[in-house]
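Residues: numbered from 1 along the sequence shown. A quick note: this is a predicted structure, and the numbers were derived from the prediction, not measured.
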Amino acid sequence: MAAISLIALAVMGTTLTPDYPVAMLTALFTAQCLARLLYCFGPNSRYNKLFTAMLAAGILPLLNGAMAIVSLLTLVIVIIQRGTIRESIIALTGALLPTFTCSYIGWLAGGSFLET
């Protein structure tokens, strides 16, 4: 149980920036992505875990632009490692859905679709 209280101190020490909420959300979505991807590569792979892992990876570039490379590398690794067409489509959809949703909402608000 000590790890639960110590992780808060570790995360706080690594994310003390002026953009504290963005750094915490980036750490949260990165942890969610990794935890769900590790579950997917085990013997009991489920499609919902793969989709939500890639959804978390797709949200990362919207929070922090530098995470776009990490998100793309995660997508490529998942597609190469999983191999089936169904899992590749699920991973691609999960990774691109947040960006397309943000672009669509911006377009509905009167902006350009490619502005995001």
* To do: Please name the residue in the list I85, N48, L50 that meets the side chain to side chain contact (heavy atoms under 4.5 Å, CB included) test with I90.
  => L50

* Asked: More than 12 non-hydrogen atoms from neighbouring residues, nucleotides or ligands closer than 6.0 Å to CG on L108, yes or no?
  -> yes

* Mind checking whether Y104 and L96 sit in one hydrophobic cluster, side chains of I, L, V, M, F, W, Y counted as touching below 4.5 Å? -> yes

* To do: Provide the closest heavy-atom pair for V22 versus L63 in the form atom of the first, atom of the second, distance.
  => CG1-O, 3.4 Å

* Are M54 and I79 joined in one hydrophobic group, where the rule is that I, L, V, M, F, W and Y side chains link up if heavy atoms are under 4.5 Å apart? -> yes

* Is there a path of hydrophobic side-chain contacts, each under 4.5 Å between heavy atoms of I, L, V, M, F, W or Y residues, that connects Y47 with L37? -> yes

* **Cluster check M24, L62: I/L/V/M/F/W/Y, side chain < 4.5 angstrom** => no

* Structure fact -> Besides I69, the hydrophobic cluster formed by Ile, Leu, Val, Met, Phe, Trp and Tyr side chains linked at under 4.5 Å, directly or via other members, contains L73

* To do: Looking only at non-hydrogen atoms, find the nearest pair between G58 and P61 and report the distance.
  => O-CD, 3.3 Å

* Asked: Going hydrophobic residue to hydrophobic residue with side-chain gaps under 4.5 angstrom, can you get from L55 over to Y39?
  -> no

* Structure fact -> residues 84-97 vs side-chain hydrogen bond (donor to acceptor under 3.5 Å, both in side chains), sequence neighbours excluded, gives R82-E87, T84-E87

* **Pairs involving residues 52-73, ordered by first then second residue, that meet side-chain hydrogen bond (donor to acceptor under 3.5 Å, both in side chains) (sequence neighbours left out)** => R36-T52

* **Between CG on residue L72 and CG on residue L60, distance to nearest 0.5 Å** => 11.0 Å

* Which atoms form the tightest heavy-atom contact between F51 and G94, and what is the distance? -> CE1-CA, 3.5 Å

* Return the orientation label for the F100 and F113 ring planes: parallel under 30°, perpendicular over 60°, tilted otherwise. => parallel

